[in-house]
Amino acid sequence: METNDSDWRRAPWPGGARIALSLVVNVEEGAEARIDDGDPYPEPVDELGASPRRAVRNYGNESNYAYGIRAGAPRVMRLLEERGLKATFTAAAVALERAPALAARIAAGGHEVCAHGHRWIHQFRMEEAQERAFVRDAAASIERTTGTRPAGWLSRYLLTDNTRRLLIEEGFAYHMDDYSDDLPFWHEEPAGRIAVVPYALDTNDMKMWTDPAYTPADWFDYARESFDRLYREGVEGAPKMMSLGVHLRIIGRPGRIGWLERFLDHVQGHGGVWVALRRDIADCLP
C-alpha cells in the first residue's frame with residue numbers, strides 16, 4: 001500500500017528549495033555477468049552490439065566495462081569534486097570490492113552509496129531465501145568497503161513480490177525501484193514501511209547505449225528540458241524532484257562528459273535548487 005501526505009507534497013525542500021536534484025552515478029563495472037566469474041553467459045548489455053549466444057568470454061565487452069573504472073570514474077569524480085556536488089552512487093557491491101580506490105574516494109567525498117545488488121545481475125528470478133541472502137551480502141560488502149551500511153536499494157530493472165518486504169526486514173530506509181512520481185512517498189507492508197524515492201529512466205544516459213542514434217546532445221537537451229519544466233513547476237506550485245542517472249563507462253567517455261558538465265552548469269545557474277543525496281530526500285518524508 002502506498003501513502004501520500006498532500007500537505008507535505010506542497011511544502012518546499014530544506015532551505016526553501018523548489019526542486020531537489022538527485023545525481024545518481026551507477027557503478028556496475030566488474031560486477032556484470034562474466035564467464036570467468038562462473039556465469040553461464042557473458043553480459044549482453046554493451047556498446048559493441050556483439051552478444052555471443054555461446055558460453056565464451058567476451059573480452060571486448062569486459063574491456064568496455066573496465067574503461068568505466070580506469071578512465072570514466074576519474075572524470076566523473078573530478079567533475080563532482082570541482083563543483084562541490086554530492087551524488088548517490090548506486091553500486092553493485094562486487095564492483096566496489098574490485099575498485100577499492102574508487103570506493104575510498106566516494107566515501108572520502110561524502111557521497112552516498114546505495115546498494116545496486118551484490119552483483120549487477122537480475123534478482124527477479126530468485127526465491128525468497130536466495131534474494132534475502134543477495135540483499136544481506138550486498139549490504140555487508142558495501143559496509144566493509146566504504147565503512148557505511150547502505151540505506152537504499154536499486155534492483156537491476158526488475159524486482160520480486162518479496163523485495164520491498166525483505167528490504168524493510170533488513171533495515172533499509174528507501175528503495176528506488178519505482179518510476180511513478182516526481183516526489184517520494186511511503187510504501188507500507190505488514191512488516192513496516194519503506195520510503196520510495198522514484199528513479200527515472202527517461203533522463204538516464206543508458207539510452208546512449210541502447211539507442212545508438214541517441215546522441216549526447218539529445219540526452220543533454222532532454223535532461224535540460226526536464227529540469228526546466230520541473231523547476232518551473234516547483235517555483236509556481238508544489239516542489240519537485242528530478243533524477244539524473246549516469247554510468248561511469250557511458251558518461252565518462254571524453255565525447256560525453258562535457259554534456260554532463262553543461263547540464264551541471266545549467267543547474268548551478270539557478271537558485272532554489274537542492275542537489276541532494278537520496279537518503280536525505282527520503283528523510284524529508286513526514
Side-chain angles (χ1 to χ4, degrees), residues 1-27 86-93 106 110-118 123-124 131-132 134-136 138-140 142-143 146 148-204 230 233-234 238-245 273-286:
M1 182 174 66
E2 296 165 356
T3 59
N4 293 313
D5 185 314
S6 59
D7 292 334
W8 171 82
R9 291 170 71 85
R10 291 193 292 268
W13 296 108
R18 304 309 304 179
I19 184 172
L21 174 64
S22 170
L23 300 174
V24 177
V25 182
N26 292 272
V27 185
K86 300 293 188 293
T88 295
F89 285 75
T90 49
I106 291 170
H111 303 285
E112 175 192 9
V113 176
C114 169
H116 194 15
H118 183 240
Q123 69 189 76
F124 68 91
E131 186 177 13
R132 187 186 295 276
F134 187 71
V135 170
R136 286 180 174 175
I142 290 172
E143 186 171 14
T146 68
T148 302
R149 182 178 175 83
W153 183 272
L154 173 64
S155 306
R156 179 175 177 176
Y157 309 140
L158 303 173
L159 61 160
T160 75
D161 291 339
N162 299 316
T163 302
R164 290 173 177 173
R165 174 177 56 81
L166 291 175
L167 293 175
I168 293 169
E169 292 173 354
E170 295 301 322
F172 282 79
Y174 75 87
H175 77 102
M176 296 171 53
D177 297 306
D178 187 277
Y179 315 99
S180 68
D181 208 335
D182 296 317
L183 285 173
F185 54 90
W186 288 112
H187 174 82
E188 297 186 5
E189 295 272 349
R193 66 180 185 174
I194 188 168
V196 179
V197 184
Y199 196 28
L201 299 177
D202 56 326
T203 51
N204 196 295
L230 291 168
E233 290 178 359
K240 292 294 186 290
M241 181 188 79
M242 176 180 173
S243 295
L244 187 83
V273 180
W274 180 37
V275 180
L277 301 177
R278 296 183 87 83
R279 69 185 180 212
D280 293 333
I281 293 173
D283 285 344
C284 288
L285 278 170

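We use all heavy atoms of the structure for the numbers below, so side chains are in, but hydrogens, waters and symmetry mates are not.
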To the nearest 0.5 Å, what is the distance between [atom1] ([X]) and [atom2] ([Y])?
| X | Y | atom1 | atom2 | answer |
| --- | --- | --- | --- | --- |
| L244 | L21 | CG | CG | 6.5 Å |
| I19 | E233 | CD1 | CD | 9.0 Å |
| I168 | T163 | CD1 | OG1 | 11.0 Å |
| L167 | D177 | CG | CG | 8.0 Å |

Quiz item: Is there a donor-acceptor pair under 3.5 Å between the side chain of W13 and the backbone N or O of K240?
Solution: yes
Quiz item: Quick check: does any side chain N or O of H116 sit under 3.5 Å from a backbone N or O of L154, one acting as donor and the other as acceptor?
Solution: yes
Any heavy-atom pair between the side chains of [Y] and [X] that's under 4.5 Å?
| X | Y | answer |
| --- | --- | --- |
| P14 | C284 | yes |
| V25 | L23 | no |
| I281 | Y174 | no |
| P239 | W274 | no |
| S155 | H175 | no |
| E169 | L166 | yes |
| V24 | M176 | yes |

Could you pull out the closest heavy-atom pair between [X] and [Y], with the gap in Å?
| X | Y | value |
| --- | --- | --- |
| P198 | F185 | CG-CE2, 4.0 Å |
| A191 | R165 | CB-CG, 4.3 Å |
| M241 | P184 | SD-CD, 4.4 Å |
| P150 | I142 | CD-CG2, 3.9 Å |
| W153 | A138 | CZ3-CB, 3.7 Å |

Self-check item: Residues forming a salt bridge (charged side-chain N to carboxylate O under 4.0 Å, His left out) with R136, sequence neighbours excluded
Solution: E170
Exercise. Assess the side chains of Y199 and N204: does a donor N or O sit below 3.5 Å from an acceptor N or O?
Key: yes
Practice problem: Among residues two or more places apart or on two chains, list those pairs meeting side chain to side chain donor-acceptor pair (under 3.5 Å) that have a residue in residues 275-286. | Solution: S22-R278, S243-R278
Quiz prompt | Step-by-step side-chain contact (heavy atoms from CB on, under 4.5 Å) determination, I194 to E189 | solution = CA-CA 8 Å; I194 188 168; E189 295 272 349; over 6 Å; no
Self-check item: Chi angles and distances behind the side-chain contact (heavy atoms from CB on, under 4.5 Å) call for D178, R164
Solution: CA-CA 11 Å; D178 187 277; R164 290 173 177 173; 3.8 Å; yes
Quiz item: How are the rings of F89 and H111 set relative to one another: parallel (under 30°), tilted (30 to 60°) or perpendicular (over 60°)?
Solution: perpendicular
Practice problem: Identify whether NZ of Lys or CZ of Arg in R149 sits under 6.0 Å from the centre of the six-membered ring of F172 and within 45° of that ring's axis. | Solution: yes
